[in-house]
Amino acid sequence: MNSEPAILAFDTSAAHCAAAVFAGGAVRQAIVEPMAKGQAERILGLCEEVLAALNLSYQDLTALAVGVGPGNFTGIRISVSAARGLALGLGIPAIPVSAFEMLRDPFGPAANAAELVVVEAPRGAAYAQQFRYGRPTDTPMMIDPEAPPRELQQDNMMVTGFRAEEIAKHFGATAHLPEIHNPAEQLVRMALWKLAAKHDIDTRPAPLYVRAPDAAPARDTPPKILT
């Protein structure tokens with residue numbers, strides 16, 4: 001096997017199946033197929049196709065990368081489950097890449113001492129997470145873009161992503177609107193940085209869900225457990 005990294009990255013956290021391969025020192029394949037359903041039946045076939053286009057097999061890989069959300073609940077579970085199974089069978093790491101990390105600059109991922117990355121959430125809300133030099137400093141939270149909490153403010157902060165200009169004005173911060181032309185390529189480039197920095201390479205991928213801060217507990221009375 002070549003000593004250079006060979007990475008297969010894939011994602012089904014949104015209305016698509018996306019897969020990319022990094023091999024021979026470059027991103028060789030990066031395919032995104034829009035689809036609202038059917039990701040479970042398609043994702044492994046797409047992965048096999050992008051590998052076959054380069055005359056590679058799963059056994060040639062040195063690592064996997066998978067999108068972990070936040071995003072579509074079922075879609076996230078599809079790709080994370082596939083990554084876990086493949087990683088276990090191949091004996092290679094599966095690197096989790098969040099939607100927040102995919103919005104960051106893949107060519108300068110360690111930049112910015114204070115960065116707030118914002119991802120679109122349902123019903124006009126947003127998910128926000130703070131980063132310092134490319135690494136999250138806190139768990140993500142759901143916010144109202146029109147009234148972001150003051151606790152998120154940092155000195156010399158950059159706001160990246162969904163409604164960045166609007167949110168940045170609240171903090172007197174700089175706004176950055178990333179242009180993601182291909183989420184599959186973005187995913188694999190962020191995984192490459194993590195692999196080189198040895199960040200999250202020993203982490204078992206898990207879906208990243210963000211619960212609303214005012215989420216109420218279920219009203220149904222739990223069933224009585226008989227012993």
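Keep in mind that the numbers below use all heavy atoms, side chains included, and drop hydrogens, waters and symmetry copies.
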With hydrophobic residues grouped by side-chain heavy-atom distances under 4.5 Å, do Leu61 and Ile201 end up in a single group? no

Kindly work out whether a path of hydrophobic side-chain contacts (I/L/V/M/F/W/Y, heavy atoms less than 4.5 Å apart) joins Val66 to Ile180. yes

Intermediate values then yes/no, side chain to side chain contact (heavy atoms under 4.5 Å, CB included), Val118 and Tyr127: CA-CA 6 Å; Val118 186; Tyr127 302 128; over 6 Å; no

Just verifying a value: how many Å separate Leu116 CG and Gln129 CD, rounded to the nearest 0.5 Å? 9.5 Å

Would you say that Leu152 contacts Met141 through its side chain, given a criterion of any heavy-atom pair below 4.5 Å between the two side chains? yes

Just do the side chain to side chain contact (heavy atoms under 4.5 Å, CB included) check on Leu192 and Phe22 with the steps written out, would you? CA-CA 9 Å; Leu192 276 168; Phe22 179 89; 3.3 Å; yes

Residue that, paired with Val21, satisfies side chain to side chain contact (heavy atoms under 4.5 Å, CB included) out of Leu54, Val27, Ile31, Ile7: Leu54

So CD1 of Ile43 and CD of Glu48: to nearest 0.5 Å the spacing works out to 10.5 Å

Applying the side-chain hydrogen bond (donor to acceptor under 3.5 Å, both in side chains) criterion to Glu115, which one of Thr174, Thr160, Asn156, Thr137 satisfies it? Thr160

Atom pair CG/CZ of Asp105 and Arg189 - distance to nearest 0.5 Å: 10.5 Å

Beyond-backbone contact of Leu208 with Ile76, side-chain heavy atoms, under 4.5 angstrom: no

Using modelled atom types and a 3.5 Å cut-off, is there a donor and acceptor pairing between side-chain atoms of Arg104 and backbone atoms of Ala111? yes

CA sep, side-chain torsions, deciding dist, call: Phe73, Arg77, side chain to side chain contact (heavy atoms under 4.5 Å, CB included): CA-CA 7 Å; Phe73 180 88; Arg77 294 176 67 87; 3.6 Å; yes

Side-chain donor/acceptor of Gln130 to backbone N/O of Ala114, under 3.5 Å: no

Should Val80 and Leu88 be counted in the same cluster of Ile, Leu, Val, Met, Phe, Trp and Tyr side chains packed under 4.5 Å apart? no

To the nearest 0.5 Å, what is the distance between CZ on Arg42 and CE on Met35? 6.0 Å

How many angstroms lie between atom CD of Gln154 and atom CG of Asn112, to the nearest 0.5 angstrom? 10.5 Å

Check Val68 against Pro96 and note the closest heavy-atom contact, atom names and distance. CG1-CB, 3.7 Å

How close do Ala184 and Ala20 get, counting heavy atoms only, and between which atoms? O-CB, 3.4 Å

With the side chain counted from C-beta on, respond yes when Leu8 and Tyr58 share a heavy-atom pair under 4.5 Å apart, and no when they do not. yes

Same cluster for Leu64 and Leu56 if Ile/Leu/Val/Met/Phe/Trp/Tyr side chains link at under 4.5 Å? yes

Heavy atoms only: give me the nearest Pro5-Leu195 pair and the separation to one decimal. CB-CD2, 4.1 Å

Shortest non-hydrogen separation from Phe162 to Ala125 and the atoms involved: CE2-O, 3.6 Å

State, with a plain yes or no, whether a side-chain heavy atom of Phe171 is found less than 4.5 Å away from one of Pro148. yes

Hey, which of Asn72, Asp11, Ile78 is the one that makes side chain to side chain contact (heavy atoms under 4.5 Å, CB included) with Gln39? Ile78

Taking Glu146 first and then Arg163, would you say they form a salt bridge - that is, a charged N and a carboxylate O separated by under 4.0 Å? yes

Hey, are the side chains of Pro178 and Gln186 touching, using non-hydrogen atoms and a 4.5 Å cut-off? no

Quick one: do Leu187 and Phe131 end up in the same hydrophobic cluster if we chain Ile, Leu, Val, Met, Phe, Trp and Tyr together by side-chain heavy atoms under 4.5 Å apart? no

What I'd like to find out is whether the side chain of Ile92 reaches to under 4.5 Å of the side chain of Thr62, using heavy atoms alone. no

Begin from the C-alpha positions of Leu90 and Gln59 and carry the test side chain to side chain contact (heavy atoms under 4.5 Å, CB included) through to its verdict. CA-CA 7 Å; Leu90 296 170; Gln59 287 68 34; 3.9 Å; yes

Leu46 and Cys17: which non-hydrogen atoms are nearest, and at how many Å? CD2-O, 3.7 Å

Counting heavy atoms not belonging to Glu165, are there more than 12 under 6.0 Å from its CD? no

With a 4.5 Å heavy-atom cut-off, do Lys194 and Glu101 have their side chains touching? yes

Test your reading of the model: is there a side-chain donor-acceptor pair from Arg84 to the backbone of Pro205, 3.5 Å cut-off? yes

Minimal non-hydrogen separation, Glu166 against Pro145, with atom names: OE2-O, 3.8 Å

Do Leu44 and Leu86 come within less than 4.5 Å of each other through their side chains, counting heavy atoms only? yes

